[in-house]
A.B. asks: 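Here's a structure for you.
Within every chain, numbering begins at 1; the chains are lettered A, B, ... in the order of the sequence lines, protein sequences first and strands thereafter.
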Protein chains: 4
Amino acid sequence: MSHVKTMLDAHPQDDGTIDREKLAAAIEACLECAQTCAACADACLAEDMVAEMRDCIRTDLDCADICAATGAVLTRQTGENTAVLRAQLEACRTACATCAEDCEQHADMHEHCRICAEACRRCEQACAELLGALGSGAPGRGPGRTAPASTAPAPGA
Amino acid sequence: MSHVKTMLDAHPQDDGTIDREKLAAAIEACLECAQTCAACADACLAEDMVAEMRDCIRTDLDCADICAATGAVLTRQTGENTAVLRAQLEACRTACATCAEDCEQHADMHEHCRICAEACRRCEQACAELLGALGSGAPGRGPGRTAPASTAPAPGA
Amino acid sequence: MSHVKTMLDAHPQDDGTIDREKLAAAIEACLECAQTCAACADACLAEDMVAEMRDCIRTDLDCADICAATGAVLTRQTGENTAVLRAQLEACRTACATCAEDCEQHADMHEHCRICAEACRRCEQACAELLGALGSGAPGRGPGRTAPASTAPAPGA
Amino acid sequence: MSHVKTMLDAHPQDDGTIDREKLAAAIEACLECAQTCAACADACLAEDMVAEMRDCIRTDLDCADICAATGAVLTRQTGENTAVLRAQLEACRTACATCAEDCEQHADMHEHCRICAEACRRCEQACAELLGALGSGAPGRGPGRTAPASTAPAPGA
């Protein structure tokens, strides 16, 4: 999917604040993981032991939805939305790590789970690397912008 | 959309660990916000001053994608996926707060931005309340389950 | 979800060529059906007789994806895209009719299938009514625009 | 994205009624086209001449949604859903042809439109080839299954 990087390079806006190689790698990993998790959920559903695969199907479907959304958000370069990017990347890492853990338990038995676990680990890693590359600056949406003020109470408050 | 609560009540699994009223409210808020943000992005695109609405369109589209994914993940009750739920709810709160902030800046000028900002604030609030209701226990995927071990390095590490 | 109609009314572009009541009804029906089908798939997965519910789960998930995409496409009013709208509405009708047929077979046994079948029939109907309202004119993307020239061979050619 | 074919081969169900090479090619084309259209919409939004790119942005976003849904539906192999597949593939062809037509008009000026038009044409072609491979038999959901009975009136009736 070298087309991802090609499209990033063809974007008229380049503020130079993001590592495009890592960004393209994360987008590709998200899209591959979303498709693989959707395929794994469907393959698990067709297994004789489907009743034992319920948790795996659920985490597969959650991971597919989250990776697809993350890939879409990462694709946009117009303006800046760094706080959102960061939070969604954290959610994606968590979803990928959880799904990998579930699929790894069936990797010896089901080839689709083995392949899916690998796609999840690759995506978890790509999200982590992009998070690292986004910098350790104060949370915000870019230079000079502060994080949005929340009107909602903190959870548990 | 009372159908959301009706479907939750018709689900065969009920472990009693989640507040179904708050869950249904969050699902409904996510779906309403996703549709409203998609509509606001499209309305902004049709404005004469579209060039000044770019940032708003981008945050609208990001928020639409994230709310749709969050609504889908919240819909699933089979098994448990609490760590993922929590991370995705945090991302959704951030996306809604950010989009609300952007739309509020144009609320006097564009009715669609005013309505959209309100939908975003409702969704931000519903996510925060559900996060609070999920309990302040140790992160994990449910009783007796620990959070997934991550193989990826921490960002910035 | 009266917010759908409110957002349509707040859109700066109104070419008066589409019935907004029927459009809003179709968007709402698509979003309700997408969420209900996703919930039904998950409830079927949790049933003891999950092995017998495989076909129903698959049609539920297909219908959820198709309804969500149809709702998003219908939401956009900027420019015209009538040929695409029409084709997607036809696909949505087919998906809803198919899913309703599957769920109706389990409606006596599973309340979630009964509710889901009803949501599918409502969405099928709403899509059909909007298709009727789009007019029986020549296919195209609007007045003065012809359908896109295809470079792909006809299926089966 | 050879992982698509690998996952299809790892699926426990194989009724041999579908050409897996063409199926994998269509899934890959849908996913590439969805991502490319989303990127093109965002790049168009960042152009100085954004006001003239409105129609292109709208068809890009519609095409992205439809291709993503089509890719997800094609990914599922459990059970059969041929009538739905066929209708969704027709919608996807139409969306891709329309978006290609729009992007081709700006291909000389914007590299992202040129690349996007090519991705749309590839996806249009892959959908057409898969439609051809699905066979010219009577519409239905598979051997021995008839098309779903519709309760909705025909459009325009």
Side-chain angles (χ1 to χ4, degrees), chain A residues 1-15 23-24 27-50 53 57 61 64-65 68-69 71-79 81 107 109-116 118-119 122, chain D residues 1-15 23-24 27-50 53 57 60-61 64-65 68-69 71-79 81 109-116 118-119 122:
Chain A
M1 268 207 303
S2 63
H3 72 93
V4 171
K5 179 67 167 49
T6 312
M7 285 300 281
L8 287 175
D9 289 338
H11 196 284
Q13 181 181 327
D14 182 7
D15 55 10
L23 178 60
I27 294 171
E28 286 174 26
C30 283
L31 298 182
E32 181 189 279
C33 193
Q35 200 273 334
T36 306
C37 285
C40 190
D42 183 68
C44 288
L45 184 64
E47 293 289 352
D48 288 337
M49 56 185 284
V50 56
M53 305 301 288
I57 293 173
L61 292 175
D65 284 334
V73 171
L74 291 177
T75 292
R76 294 186 191 105
Q77 302 305 306
T78 302
N81 208 5
M109 213 177 307
H110 303 307
E111 178 72 357
H112 50 83
C113 285
R114 192 188 60 74
I115 301 169
C116 188
E118 288 179 3
R122 271 197 300 276
Chain D
M1 270 209 302
S2 63
H3 72 93
V4 172
K5 179 66 167 50
T6 312
M7 286 300 282
L8 287 176
D9 290 337
H11 196 284
Q13 180 181 329
D14 183 7
D15 54 11
L23 179 60
I27 294 170
E28 287 174 26
C30 282
L31 298 182
E32 180 188 278
C33 193
Q35 201 274 333
T36 306
C37 284
C40 189
D42 184 68
C44 288
L45 185 65
E47 294 288 352
D48 289 338
M49 57 186 284
V50 56
M53 305 301 288
I57 293 173
D60 269 336
L61 292 175
D65 284 334
V73 171
L74 291 177
T75 292
R76 296 187 190 103
Q77 303 304 308
T78 302
N81 207 4
M109 215 176 307
H110 303 308
E111 178 72 358
H112 50 83
C113 286
R114 192 188 61 73
I115 301 169
C116 188
E118 287 179 4
R122 271 197 300 277

A.B. asks: Which atoms form the tightest heavy-atom contact between D:Thr75 and A:Ala38, and what is the distance?
C.D. replies: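 For D:Thr75 and A:Ala38, the tightest heavy-atom pair comes out as CG2-C, 4.0 Å.
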A.B. asks: To the nearest 0.5 Å, what is the distance between NE2 on A:His11 and NE2 on D:His110?
C.D. replies: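 These two atoms lie 12.0 Å from each other.
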A.B. asks: Rounded at 0.5 Å granularity, tell me how far CD in D:Gln77 sits from CG in A:Leu45.
C.D. replies: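 If I round to the nearest 0.5 Å, the distance is 12.0 Å.
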A.B. asks: Check each atom of D:Ala46 against the heavy atoms of chain A and say whether the ones under 4.5 Å are side chain, backbone, both or neither.
C.D. replies: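 When you check distances to chain A, atoms from both the backbone and side chain of D:Ala46 fall under 4.5 Å.
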A.B. asks: Who among D:Thr78, D:Asp48, D:Leu8, D:Asp9 has the most heavy-atom pairs with chain A under 4.5 Å?
C.D. replies: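 So the answer, after comparing D:Thr78, D:Asp48, D:Leu8, D:Asp9, is D:Thr78.
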A.B. asks: Heavy-atom pairs under 4.5 Å with chain D - which of A:Ala72, A:Ala43, A:Cys113 has more of them than the others?
C.D. replies: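 It is A:Ala43.
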A.B. asks: Nearest 0.5 angstrom please: A:Cys37 SG to D:Met7 CE, how far?
C.D. replies: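 Going from SG on A:Cys37 over to CE on D:Met7, the span is 8.0 Å.
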A.B. asks: Would you mind checking which part of A:Cys40 comes under 4.5 Å of any heavy atom in chain D, side chain (CB onward), backbone (N, CA, C, O), both or neither?
C.D. replies: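 A:Cys40 touches chain D through backbone and side-chain heavy atoms alike.
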A.B. asks: Any chance you could measure D:Leu31, atom CG, to A:Gln35, atom CD, to the nearest 0.5 Å?
C.D. replies: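 Rounded to the nearest 0.5 Å, the CG-CD separation comes out at 5.5 Å.
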A.B. asks: May I ask you to name which of A:Glu111, A:Arg114, A:Glu47 has the most heavy-atom pairs under 4.5 Å with chain D?
C.D. replies: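 Most heavy-atom pairs within the cutoff with chain D belong to A:Glu47.
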A.B. asks: Measuring from atom NE2 of A:His3 to atom CD of D:Glu118, what distance do you get when rounded to the nearest 0.5 angstrom?
C.D. replies: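 That separation rounds to 12.5 Å.
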